[in-house]
Q: 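I am attaching a structure below and will ask some questions about it afterwards.
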Amino acid sequence: MAASGRVANIPSVITNVFLGIAIALPDGDRPFAPTAVLLTASAVFLYLAGNFLNDWADREWDLGQRPERGLPRGLFSPATYLAIAIAFTLLGVACAAIAGLRCAAIASAIVVCILIYTWAHKRSAWAVIPMGLCRALLPVLGFSGFAHLQPAPTPVIAAGTGLFFHIIALSLSARCETMSPVPTGHLRFARLWFLPAALSMFLAAWVGLSCSLATSLVALLPYAVWISLCLTVFRKPISSLVSNLLAGIPLVDWMILLPLGLSNPLSSPLPAACIAIPPLAFLAGKALQRLTPAT
């Protein structure tokens with residue numbers, strides 16, 4: 001059941017939402033915990049809903065391609081997975097609705113993207129777009145809980161765009177997992193999207209949030225190093241590449257959160273969290289991948 005929920009990727013879901021919260025509250029001088037908990041729970045529930053729904057929809061395909069999964073092995077019934085997906089969807093939207101109408105609207109948009117992706121992903125490579133939007137909307141979900149404070153929306157749009165590009169690269173790579181031989185041209189095309197991902201996050205930090213040029217540049221290094229390792233040391237098999245790209249999602253968020261945290265007094269809890277949460281989420285994701293697969 002944990003494998004079906006892809007729980008190894010939950011730390012990255014948390015950092016995606018936290019990114020939006022931090023952008024909305026850059027100075028960290030306002031209480032944010034109750035709304036942050038609701039929005040984080042909403043994102044995790046929606047993430048789990050999408051995974052169970054995906055496995056339910058792919059149960060026939062998985063018989064031949066992913067027989068190790070729960071449904072092909074007969075460990076659970078398809079009806080159970082569908083019921084779990086519906087329950088998590090309702091919980092996710094409900095948590096967002098408690099946080100506010102804007103949050104409920106964003107959560108509903110994520111549900112729509114999940115449904116489109118579930119329907120399309122075995123039919124077309126264009127399904128990577130709704131998959132990317134699912135992640136891109138998570139910072140927007142976190143941001144929307146504090147939209148009444150009138151923060152500028154441009155940085156969170158840039159942050160969502162950066163995540164979108166990273167997920168496009170990741171999802172295009174993941175489509176090669178079951179292909180034999182692996183289409184090298186397809187993988188080369190996937191790699192092109194890492195650069196705009198980094199550029200979007202850099203501009204969000206330096207221009208959108210007025211962080212210093214030095215810290216904005218330094219924050220690119222962990223992501224650049226990890227992507228370089230993914231494309232060299234971890235490039236084969238494809239499952240290893242995809243798992244490591246998934247583990248690296250918090251480093252995408254850190255390209256904004258690190259300079260944002262360094263721009264404010266560390267005596268405040270939010271800037272300190274900006275610095276600490278992404279690397280901890282990265283390590284947690286890698287540790288959880290030892291217990292359960294990320295894909």
Side-chain angles (χ1 to χ4, degrees), residues 6 8-13 15-16 19-20 47 50-51 54 110 113-114 116-118 120-140 156-179 181-205 219-258 278 281-282 285-286 289 293-295:
R6 322 291 199 274
N9 301 322
I10 287 178
S12 67
V13 173
T15 62
N16 292 161
L19 174 60
Y47 170 76
N51 288 328
N54 186 264
I110 293 172
C113 290
I114 289 171
I116 294 172
Y117 172 76
T118 301
H121 78 109
K122 288 295 186 289
R123 294 177 169 87
S124 171
W126 291 102
V128 299
I129 292 176
M131 168 60 81
L133 289 173
C134 287
R135 283 284 185 163
L137 286 170
L138 292 182
V140 180
V156 79
I157 293 172
T161 302
L163 274 169
F164 176 79
F165 287 140
H166 180 85
I167 298 302
I168 291 294
L170 190 162
S171 298
L172 288 172
S173 301
R175 294 184 71 86
C176 299
E177 268 191 278
T178 56
M179 296 181 184
V182 174
T184 55
H186 192 98
L187 284 175
R188 290 194 191 101
F189 178 68
R191 294 173 183 177
L192 296 177
W193 298 97
F194 293 119
L195 182 58
L199 181 60
S200 296
M201 305 308 269
F202 168 75
L203 291 175
L220 297 176
L221 293 177
Y223 181 72
V225 169
W226 187 247
I227 294 303
S228 297
L229 289 172
C230 288
L231 298 180
T232 54
V233 178
F234 305 131
R235 73 182 189 280
K236 294 181 180 180
I238 298 297
S239 57
S240 172
L241 170 64
V242 173
S243 295
N244 282 289
L245 290 175
L246 283 165
I249 292 175
L251 301 181
V252 183
D253 301 322
W254 212 24
M255 286 189 279
I256 293 176
L257 290 172
L258 180 58
F282 169 77
K286 287 296 295 177
Q289 285 185 2
T295 65

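From a predicted model like this one, the values you see are computed outputs, not experimental measurements.
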Q: Which residues satisfy the side-chain hydrogen bond (donor to acceptor under 3.5 Å, both in side chains) test with Ser12, sequence neighbours excluded?
A: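 With neighbours one apart ignored, the set is Arg135.
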Q: Nearest 0.5 angstrom please: Thr295 OG1 to Ile238 CD1, how far?
A: 11.5 Å
Q: Report yes if some heavy atom in the side chain of Arg175 is under 4.5 Å from a heavy atom in the side chain of Val128; otherwise report no.
A: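 Yes, side chains in contact.
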Q: Mind listing the closest non-hydrogen atom pair of Ala247 and Gln289 along with its distance?
A: CB-NE2, 3.7 Å
Q: Kindly state each residue pair satisfying side chain to side chain donor-acceptor pair (under 3.5 Å) with at least one member in residues 220-235, sequence neighbours excluded.
A: His166-Tyr223
Q: Measuring only between side-chain heavy atoms, which start at C-beta, is Ile110 closer than 4.5 Å to Leu138?
A: yes
Q: Go through the structure and list residues passing side-chain contact (heavy atoms from CB on, under 4.5 Å) with Ala204, not counting sequence neighbours.
A: Ala158, Ile256
Q: Okay, side chain of Asn244, backbone of Ser240: is any donor-acceptor separation there less than 3.5 Å?
A: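 Such a contact is found between Asn244 side chain and Ser240 backbone.
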Q: Go through the structure and list residues passing side-chain hydrogen bond (donor to acceptor under 3.5 Å, both in side chains) with Thr15, not counting sequence neighbours.
A: Asp253
Q: Measuring from Thr118:OG1 to Asn51:CG, what's the distance to the nearest 0.5 Å?
A: 9.0 Å
Q: Between Leu246 and Ala294, which heavy-atom pair has the shortest distance, and what is it?
A: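 Shortest heavy-atom separation between Leu246 and Ala294 comes out as CD1-O, 3.5 Å.
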Q: Please find the pair of heavy atoms, one from Pro139 and one from Leu163, that lie closest to each other, and give the distance.
A: CG-CD1, 3.4 Å
Q: List in chain and number order the residues that pass side-chain hydrogen bond (donor to acceptor under 3.5 Å, both in side chains) with Arg6, two or more places apart in sequence or in another chain; answer none if no residue qualifies.
A: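 Listed in chain order: Asp55.
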Q: Leu231: which residues meet the side-chain contact (heavy atoms from CB on, under 4.5 Å) condition with it, sequence neighbours left out?
A: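 Partners of Leu231 by the side-chain contact (heavy atoms from CB on, under 4.5 Å) criterion, ordered by chain and then number, come out as Arg191, Phe194, Ile227, Leu241.
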Q: Could you measure the distance from the CG atom of Leu258 to the CG atom of Leu220? Nearest 0.5 Å is fine.
A: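 Reported to 0.5 Å precision, the distance equals 10.0 Å.
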Q: To the nearest 0.5 Å, how far apart are CD1 in Ile129 and CZ in Phe164?
A: 5.5 Å
Q: Which atoms form the tightest heavy-atom contact between Leu245 and Ser173, and what is the distance?
A: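 Closest approach of Leu245 to Ser173, heavy atoms only: CD1-OG, 4.3 Å.
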Q: Tell me whether Ser200 contacts the main-chain N or O of Pro196 through its side chain, where contact means a donor paired with an acceptor under 3.5 Å.
A: yes
Q: Stepwise, does the side chain to side chain contact (heavy atoms under 4.5 Å, CB included) test hold for Trp193 with Ile167?
A: CA-CA 9 Å; Trp193 298 97; Ile167 298 302; over 6 Å; no
Q: Looking only at heavy atoms, what is the nearest atom pair of Leu137 and Cys113, with distance?
A: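 Result for this residue pair: CD1-SG, 4.2 Å.
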Q: If the test is side chain to side chain contact (heavy atoms under 4.5 Å, CB included), which one of Leu257, Val252, Leu251 qualifies with Met255?
A: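 The passing option is Val252.
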Q: Nearest 0.5 Å, what's the CZ-OG distance between Phe234 and Ser239?
A: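 Result: 12.5 Å between the selected atoms.
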Q: Which pair of non-hydrogen atoms, one from Pro222 and one from Ala219, has the smallest distance, and what is that distance?
A: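 In this case the closest contact between Pro222 and Ala219 is CD-O, 3.4 Å.
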Q: What residues form a side-chain contact (heavy atoms from CB on, under 4.5 Å) with Ile10, not counting sequence neighbours?
A: Val7, Ile14, Val44, Tyr47, Leu48
Q: Under the side chain to side chain contact (heavy atoms under 4.5 Å, CB included) criterion, do Met131 and Leu172 qualify, and how do the steps go?
A: CA-CA 10 Å; Met131 168 60 81; Leu172 288 172; over 6 Å; no
Q: Looking at SG of Cys134 and CD1 of Ile116, how far apart are the two atoms once the value is rounded to the nearest 0.5 Å?
A: 9.0 Å
